[in-house]
2 protein chains.
Amino acid sequence: MTPTRIKLDRGRGALGPALELVHTGRAPTRAVLTTELGVTRATAGAVATELQALGLITVDPRPHAASGAQGRPSHRLDIAPDGPVVLAVQVHADGYRVALVGLGGRIVATAPACMTVDADPARIIGDAVTAGAELLHATGRRCLGAGLAVPSAVAEPEGTALNPLHVAWPAGARVHDIFRDCLTEAGIGVPGRCGNDVNLAALAEHRHGAGQGAQHLLCVATGHRGVGGALVLDGRLHTGSAGLALEVGHLIVDPAGRACHCGARGCLDVETDPLALLETAGVTPDPARSPLDQARALLAGDHPEAAAVADAVAQLVDRLGQGLAAMVNVLNPDRIILGGLHQSLLAAAPDRLRSVVADRSLWGRSGSVPILPCSLGHNSLVGAAELAWQPVLDDPATVLAGG
Amino acid sequence: MTPTRIKLDRGRGALGPALELVHTGRAPTRAVLTTELGVTRATAGAVATELQALGLITVDPRPHAASGAQGRPSHRLDIAPDGPVVLAVQVHADGYRVALVGLGGRIVATAPACMTVDADPARIIGDAVTAGAELLHATGRRCLGAGLAVPSAVAEPEGTALNPLHVAWPAGARVHDIFRDCLTEAGIGVPGRCGNDVNLAALAEHRHGAGQGAQHLLCVATGHRGVGGALVLDGRLHTGSAGLALEVGHLIVDPAGRACHCGARGCLDVETDPLALLETAGVTPDPARSPLDQARALLAGDHPEAAAVADAVAQLVDRLGQGLAAMVNVLNPDRIILGGLHQSLLAAAPDRLRSVVADRSLWGRSGSVPILPCSLGHNSLVGAAELAWQPVLDDPATVLAGG
DNA sequence: TCACTTTGTGCAGCGCCGAAACAAATCCGG
DNA sequence: CCGGATTTGTTTCGGCGCTGCACAAAGTGA
């Protein structure tokens with residue numbers, strides 16, 4: 001016997017694109033959905049009805065709060081408040097975070113952040129997934145998928161984490177397999193997908209943050225150590241042929257710079273990270289505090305020698321600008337988003353950074369590339385959720401029926 | 001009255017992909033077409049019938065030359081020998097080339113190459129298009145489009161050629177508009193599209209040459225002066241948000257290197273071009289001959305001091321490898337193709353180049369990225385034709401009916 | 001109150017494809 | 001030389017997903 005599938009003779013092929021529009025906030029009403037999808041009102045209506053039947057959205061027939069426009073007001077489309085969610089996990093240098101994330105990138109529930117570091121990836125991921133299972137049980141929400149963000153490149157299609165890892169895991173850890181095993185062990189029968197944290201942050205920013213509307217979005221972020229990059233092309237993450245694209249940490253930005261473990265000198269990685277800022281400003285790092293925190297404190301003015309800090313900022317901004325210019329010349333993005341310390345550097349000297357990028361990238365035109373800070377709080381976590389939502393956005397009916 | 005369109009109730013949506021398979025030589029028979037398209041034999045049959053009706057292919061019911069396999073032999077699909085063509089024009093530093101190119105990238109007819117240099121883009125493009133019109137008249141073939149390759153970045157969507165131009169044209173020449181005007185003036189009522197020569201060469205290599213089957217193809221080539229790059233992603237040219245992607249000439253590959261007009265030192269552009277080879281080998285350039293020819297003569301052993309040449313080659317290969325490694329870290333391609341002088345450098349020291357790229361790119365894995373020479377003769381010209389064929393590949397029925 | 005504008009819905013129809021049955025062409029084994 | 005086995009091409013039927021159209025519904029403005 002065939003499963004009891006919603007019978008509708010319209011609106012299956014356009015279902016995914018429609019859900020994506022609602023998901024990214026670009027379809028507040030049915031009328032907008034019609035124009036954005038480029039279909040007839042009949043089709044858009046059938047699509048909305050089916051998405052509602054699937055429990056993903058709600059349709060509010062009441063007028064859209066006196067829009068002021070002429071004609072019959074369009075029905076509002078809202079993300080179902082008690083709809084399904086996905087499990088999102090982010091592992092970082094100091095622990096992990098777990099959350100349930102609904103459509104629209106909205107964090108529905110969060111487990112207390114864990115701040116312990118464990119050298120065994122199976123244990124830390126297992127703990128996180130267990131916390132997620134408890135969250136699911138407590139909220140009673142249906143779970144459609146799971147995503148994991150790790151601070152390392154993830155090789156495709158094997159799903160192994162590669163050096164340099166910014167957690168104390170063994171190189172080549174098969175995070176994809178581990179994540180899947182943990183999910184089945186915890187009784188969460190959903191597929192799990194893994195990705196690099198900066199990549200996923202870029203995806204989240206593109207869908208719900210400062211990257212909305214960009215066609216070619218470049219995202220660069222420095223965390224505690226090392227630089228990560230990501231590229232979103234036409235709404236899709238570009239991870240290269242083996243998942244190793246945008247490993248931009250070793251572009252040379254200062255020929256006479258610091259020695260890097262890669263063998264070269266003046267890599268972006270060692271020239272623009274928190275330790276470089278501390279060192280350039282003449283501050284001895286306090287091993288008890290994270291370098292990122294100390295660097296941010298410096299930028300916040302928490303230092304007696306303001307001139308030394310300003311000089312250090314100028315130097316790092318120049319190096320960063322050089323690296324960004326190289327990426328602009330290679331990728332020609334139409335927007336750049338910075339995270340981590342790079343975001344703070346942008347805030348400290350926006351004009352200097354923009355002019356360096358403009359000068360160093362060809363044609364001068366590139367000076368018009370907008371450089372913006374991240375706008376989402378836990379963008380890697382939301383990005384992990386995006387990874388989990390992707391199959392639903394691609395084919396909502398099948399995924400919903402499969403559960 | 002509706003136009004007399006071929007009436008078929010099957011095979012319209014799959015028509016484009018099917019033609020692309022035939023075009024790239026991946027569908028020699030109807031059976032292969034069926035499996036490659038992932039459709040039923042019924043659909044593939046209808047598609048083949050319609051492509052035949054459109055005059056694009058011929059179906060040969062005779063057996064495929066005793067294939068040896070069991071079962072009924074599949075019908076062969078061939079590109080129609082007298083089918084439509086496109087007009088391809090390539091402008092380079094020394095003149096222009098014109099050809100008619102059929103499906104499959106086959107050059108059907110060529111006008112005598114022009115070797116005069118003209119500072120007026122309208123005149124040189126106009127001459128080329130006139131030569132193309134004569135070719136069309138002489139052969140009597142139907143023309144479906146026109147493509148132009150220029151040795152400069154082409155800004156999208158304005159279609160202007162940008163500095164550095166490697167012909168003596170004014171910066172910002174509106175080549176797209178000029179090309180279109182020339183086409184209408186010559187009585188060729190087809191749309192014209194323009195692109196950078198290296199980009200188009202990469203497209204041609206991906207479809208018909210050494211790049212076949214690559215998902216993420218990186219192409220780097222040096223011509224007479226300056227380095228060009230191109231990236232083909234999933235069969236589509238990636239030109240960035242404004243057509244300026246892969247302007248890789250100003251990646252820094254030698255901190256202590258030559259001064260470049262961009263203001264930096266040791267750019268890939270000035271470190272790996274023919275003049276750099278001559279200079280490093282201690283040869284005074286002969287202004288009467290092209291630097292590329294002299295450099296190639298050097299590589300061919302046409303020089304008394306072989307040791308100096310070998311040292312120069314080693315140095316340029318190291319610089320090139322450094323630049324390629326940076327691109328590998330940013331783009332993670334699964335194949336690299338080199339053209340121009342870079343191709344000759346690869347031939348001269350393949351192992352050295354590959355090991356430099358492997359050492360300088362992260363993970364060591366990248367050492368497995370195949371680096372190959374170009375395999376097509378006039379790849380920019382064929383690439384210009386690809387540009388013109390693209391609308392046909394996207395929707396054959398509409399383009400064929402529109403004429 | 002009556003146009004006018006815009007939006008939602010039901011119905012007919014059609015393009016495009018899959019499933020299945022049938023026909024054709026070749027190889028293989030006797 | 002002759003029947004299976006195997007693979008391929010063709011025909012027919014039906015369904016899915018959409019468009020186009022007509023009509024109803026819900027607001028604004030004179």
Side-chain angles (χ1 to χ4, degrees), chain A residues 2-3 5-19 27-53 57-77 395-398 401, chain B residues 2-3 5-19 27-53 57-77 395-398 401:
Chain A
T2 55
R5 203 166 72 191
I6 292 96
K7 281 276 284 296
L8 258 202
D9 54 352
R10 271 209 295 264
R12 294 260 310 168
L15 211 59
L19 183 58
T29 67
R30 306 179 62 149
V32 176
L33 185 67
T34 303
T35 57
E36 287 292 310
L37 282 179
V39 297
T40 58
R41 289 199 302 272
T43 304
V47 164
T49 308
E50 178 149 4
L51 286 179
Q52 193 177 18
I57 69 170
T58 59
V59 178
D60 188 348
R62 285 173 308 179
H64 191 178
S67 59
Q70 266 193 24
R72 175 178 173 177
S74 187
H75 295 178
R76 268 215 354 232
L77 303 179
D395 188 350
T398 304
Chain B
T2 55
R5 205 165 71 192
I6 292 96
K7 279 279 283 296
L8 258 202
D9 54 352
R10 269 211 293 267
R12 293 261 310 171
L15 211 60
L19 182 58
T29 68
R30 304 179 63 145
V32 176
L33 184 66
T34 303
T35 58
E36 288 292 311
L37 282 179
V39 297
T40 58
R41 291 198 300 276
T43 304
V47 165
T49 307
E50 177 148 4
L51 286 179
Q52 194 177 18
I57 68 170
T58 59
V59 178
D60 188 349
R62 287 173 307 179
H64 190 179
S67 60
Q70 265 195 26
R72 173 178 174 175
S74 188
H75 295 178
R76 270 219 346 236
L77 302 179
D395 188 351
T398 302

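These numbers come from a predicted model, not from an experiment. Quick note on labels: first sequence line is chain A, next is B, and so on, each numbered from 1.
- Nearest nucleotide to the A:Ala42 side chain, out of C:dA19, D:dT19, C:dC28: D:dT19.
- Side-chain atoms of B:Arg30 come within 3.5 Å of backbone N or O of B:Gly45 as a donor-acceptor pair.
- Mapping A:Gly71 and A:Thr40 onto DNA chain D by nearest heavy atom places A:Thr40 closer to the 5' end of the strand.
- Computed from coordinates, the B:Leu37 CG to C:dC17 P distance equals 9 Å when rounded to whole Å.
- Regarding A:Leu33, its CG atom lies at a distance of 15 Å from the C1' atom of D:dC18, rounded to whole Å.
- Here the side chain of B:Pro73 is nearest to one of C:dT7, C:dT26, D:dG9, namely C:dT26.
- One donor-acceptor pair, N or O on each side, does fall under 3.5 Å between the base of C:dT7 and the side chain of A:Arg72.
- To the nearest 0.5 Å, the span separating CG on B:Leu77 from CG on B:Leu19 amounts to 11.0 Å.
- Atom CZ in A:Arg76 sits roughly 16 Å away from atom P in C:dT7 (whole-Å rounding).
- The side chain of A:Ser74 contributes no N or O atom lying less than 4.0 Å from OP1 or OP2 of C:dT6.
- Side-chain atoms of B:Thr43 lie closest to C:dG18 of the nucleotides C:dT5, D:dC18, C:dG18.
- Applying the 4.0 Å criterion to OP1 and OP2 of D:dT8, one finds that B:Thr29 has every side-chain N and O outside that range.
- Contact record, A:Ala48 with A:Ile57: O-CD1, 3.9 Å, taken as the closest heavy-atom pair.
- Considering only the side chain of B:Gln70, D:dT6 comes nearest among C:dG18, D:dG9, D:dT6.
- Residue-to-nucleotide contacts include a donor-acceptor pair under 3.5 Å from the side chain of A:Arg41 to the base of C:dG8.
- Distance A:Gln52 CD to C:dT9 C1': 14 Å, rounded to the nearest Å.
- One can place CG of B:Leu15 at 9 Å from P of C:dC17, the figure rounded to the nearest angstrom.
- Under the side-chain contact (heavy atoms from CB on, under 4.5 Å) test applied with B:Leu37, the options B:Thr35, B:Thr40, B:Val39 reduce to a single match, B:Val39.
- Separating the OG1 atom in B:Thr43 from the CG atom in B:Leu15 is a distance of 11.5 Å, to the nearest 0.5 Å.
- Taking side-chain N and O atoms only, B:Arg30 has no distance below 4.0 Å to OP1 or OP2 of D:dT7.
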